[in-house]
**Q** 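I'd like to ask some things about the structure below.
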Amino acid sequence: MNIGYACLTVGVPDTDQKSCMLKNANKEKLLELISYNLNSLENIIDYNIKNKIKLFRISSDIIPFGSSPVNNLEWWDIFDSQFSRIGHKIKTSGMRVSMHPGQYTVLNSPKKEVVENAIEDLRYHTKILDTLGVGEDNKIVLHIGGVYNDKSQAIRRFISNYRELDDSVKQRLIIENDDKSYNISDVLEIGSIINVPVVFDNLHNQVNPFDKSKSDYYWIDKCKETWREKDGIQKIHYSQQNPLKKAGSHSSTIQINKFMSFYEGLERDDIDIMLEVKDKNLSAVKCINCTSIDKSIKDLEIEWSRYKYMVLENSPSDYVEIRKLLNEKDAYPATEFYNLIENALSKEITIGNSINAALHIWGYFKKKATDREKNSFLNNIEKYEQGQTSLKTIKNNLWKMAVKYNQSYLLDSYYFI
DNA sequence: CACCGTCAAGTCGCA
DNA sequence: TGCGACTTGACGGTG
């Protein structure tokens, strides 16, 4: 079983994706952006390998305007060697990647042009995975599309348009239930007609259910039947509702207790779980650590090194509790650990606590800082106390110093997120 | 450096 | 008939 995250990282340097506005797109700009984004992708893959994350969704934005005539670069050729190198890393590390075109890729539209664009976009996504050289179990997940006041007609259109797709696209395309038009029963029906694997999304099913009396596990079992040997093991999407936002919005982090009860109820290992959550890789590592059988206290200590100043800033009392918890070197209290972290991060930051945490970070530079840096830091703290500057300014300042003095311990800290 | 309106694309609901 | 929401971060222009 693999657990992974989608598109972006949090707190990992040099992994961001860049784009530009259409009007500013030209050959030079696009080449620069693609090169930058591939470099970020490679850093993400390296990070995933280092952190034993074996499931990852590649952002559709990796090639800006990738399926638009505005971008007529033969990027698969120009950047061939970097694609191969990244693909090699993915394959040799046993990672499984995927892609997921967004809401604008609609294969079942009644408009010819919309369908043509969708086909082009699916070709683009396929080209990325093919250029990486990853196997057929690295999939492209698509929603069915619109309803247009006639669902059965819209479904028929999806099916006939699907049948016209290139074989290379068909090899990778799989379908998913969405949160307003096509529920899991609809998608299973379509999947069985065209022989395409179905991805179950638990939150979409919660918001747009076919039958509320059926459990998630019921549908997950149904979907399993749509996955063939060559497709790899079954994949699902898992997310939790953000309690502050409207139905279907992803939570900021995965609540570990809730996830663990879902996971334990699965009673299966032959399944990949793609998390959709705001804190991305943080939740992936959390869930991996809580479900792995071969981890030790060392893995929690690594996590603690990343979370500690963030926790200190939110809740000094939880900081003390967690340190106590990690004192028992033969234990592996992963879920207790993350419960305390979640608890700490749910608390509101006070000025006093944030200054305390900033001073802890400052301790790394105290002796090496120039007089100017020292004055600037202390001056900022004073101004912050009086409400004349923001915490963000202080953190930006400390981040620059962490980079300058190459404090790798701090560069990996979530304090700066 | 901080702020904020805007951004390729499609569909749907609502005024 | 036309506009905002959807959902999201980042671009890019401004102060």
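Keep in mind that this is a model prediction, so the values were computed, not measured. Sequence lines set the chain letters: A, B, ... in the order given, protein chains first and strands last, and positions in each chain run from 1.
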**Q** Got a sec: does the CG of A/Asp270 have more than 12 other heavy atoms crowding it under 6.0 Å?
**A** yes
**Q** When you measure from the centre of the six-membered ring of A/Tyr36, is the NZ or CZ of A/Lys18 closer than 6.0 Å and no more than 45° off the axis?
**A** yes
**Q** Step by step, would you call A/Glu313 with A/Tyr319 a side-chain hydrogen bond (donor to acceptor under 3.5 Å, both in side chains)?
**A** CA-CA 9 Å; A/Glu313 181 174 55; A/Tyr319 181 90; over 6 Å; no
**Q** Taking only side-chain N and O atoms of A/Ser67, does any of them lie within less than 4.0 angstrom of OP1 or OP2 on B/dA8?
**A** no
**Q** Please confirm whether the shortest side-chain N or O distance from A/Lys111 to OP1 or OP2 of B/dT11 is below 4.0 Å.
**A** yes
**Q** For the P atoms, the ones on B/dG10 and on C/dA10, what distance do you get once it is rounded to whole angstrom?
**A** 24 Å
**Q** Rounded to whole angstrom units, what separation is found between the CD atom of A/Glu276 and the P atom of C/dG9?
**A** 14 Å
**Q** Given that both pair distances must be under 3.5 Å and the pair must be Watson-Crick or G-U, what runs of three or more consecutive pairs involve DNA chain C?
**A** B:1-7 with C:9-15, B:10-15 with C:1-6
**Q** If we take the P atom in both C/dG4 and B/dG5, what is their distance in whole Å?
**A** 14 Å
**Q** Using OP1 and OP2 only, check whether a side-chain N or O of A/Asn396 sits under 4.0 Å from B/dA2.
**A** yes
**Q** Using the ring centroid of each side chain, check whether A/Phe377 and A/Trp362 are separated by less than 6.0 Å.
**A** yes
**Q** Can you measure A/Gln103 atom CD to B/dA8 atom C1' for me and round it to whole angstrom units?
**A** 12 Å
**Q** Answer yes or no: does a side-chain N or O of A/Lys151 lie under 4.0 Å from OP1 or OP2 of B/dC12?
**A** no
**Q** Hey, does the side chain of A/Lys278 come within less than 4.0 Å of C/dG9's phosphate (OP1/OP2), counting only N and O?
**A** yes
**Q** Of the nucleotides B/dA8, B/dT11, C/dT7, which has the atom closest to the A/Ser249 side chain?
**A** C/dT7
**Q** Tell me what A/Val70 touches on the nucleic acid: a base, only sugar-phosphate, or nothing, going by heavy atoms under 4.0 Å.
**A** nothing
**Q** How long is the line joining CG of A/Asn397 and C1' of B/dA2, in whole Å?
**A** 15 Å
**Q** What class does the angle between the rings of A/Tyr307 and A/Tyr414 fall in, given that below 30° is parallel, 30 to 60° is tilted and above 60° is perpendicular?
**A** perpendicular
**Q** Rounding to a whole Å, what distance do you find between A/His237:NE2 and C/dT7:C1'?
**A** 16 Å
**Q** With nearest nucleotide decided by heavy atoms, which residue, A/Gly145 or A/Ser390, maps closer to the 5′ end of DNA chain B?
**A** A/Ser390
**Q** Could you tell me how the ring of A/Tyr364 sits relative to the ring of A/Tyr309: parallel (under 30°), tilted (30 to 60°) or perpendicular (over 60°)?
**A** perpendicular
**Q** Can you tell me how far P in C/dT7 sits from the matching atom in B/dC3, rounded to whole Å?
**A** 26 Å
**Q** Look at A/Asp221 together with A/Lys224 and state whether they make a salt bridge at an N to O cut-off of under 4.0 Å.
**A** no
**Q** In whole angstrom, give the distance that lies between atom CD of A/Glu113 and atom P of B/dA8.
**A** 16 Å
**Q** Any carboxylate oxygen within less than 4.0 angstrom of a Lys/Arg side-chain nitrogen, looking at A/Lys286 and A/Glu342?
**A** yes
**Q** Scan nucleotides 10-15 of chain C nucleotide by nucleotide, 5' to 3', and note B when protein non-hydrogen atoms come under 4.0 Å of the base, S if they reach only the sugar-phosphate, - if neither.
**A** SSS---
**Q** Separation of A/Asn149 atom CG from B/dC12 atom C1', in whole Å?
**A** 9 Å
**Q** Using the P atom as the point on both nucleotides, what is the distance between B/dT11 and C/dG9, in whole Å?
**A** 25 Å
**Q** Cation-pi between A/Lys151 and A/Tyr182: NZ/CZ under 6.0 Å from ring centre and within 45° of the ring axis?
**A** yes
**Q** Any stacking of A/Tyr104 on B/dA9, going by centres under 5.5 angstrom and planes within less than 30 degrees?
**A** yes
**Q** Respond yes when some side-chain nitrogen or oxygen of A/Thr393 is under 4.0 Å from OP1 or OP2 of B/dC1, and no when none is.
**A** no
**Q** If the plane angle is over 60° it's perpendicular, under 30° parallel, otherwise tilted; pick one for A/Phe262 and A/Tyr217.
**A** parallel
**Q** Given the ring of A/Phe365, does A/Lys368 sit roughly above its face, with NZ or CZ under 6.0 Å from the centre of the six-membered ring and within 45° of the axis?
**A** no
**Q** If the C1' atom of B/dT6 is compared with that of C/dA5, how far apart are they to the nearest Å?
**A** 15 Å
**Q** Round to a whole Å and report the spacing from CG of A/Leu122 to P of B/dA9.
**A** 18 Å
**Q** Select from A/Ser181 and A/Phe65 the residue whose nearest nucleotide in DNA chain B is closer to the 5' end of that strand.
**A** A/Phe65
**Q** Whole angstrom is fine here: how far is it from NE2 in A/His125 over to C1' in B/dA9?
**A** 12 Å
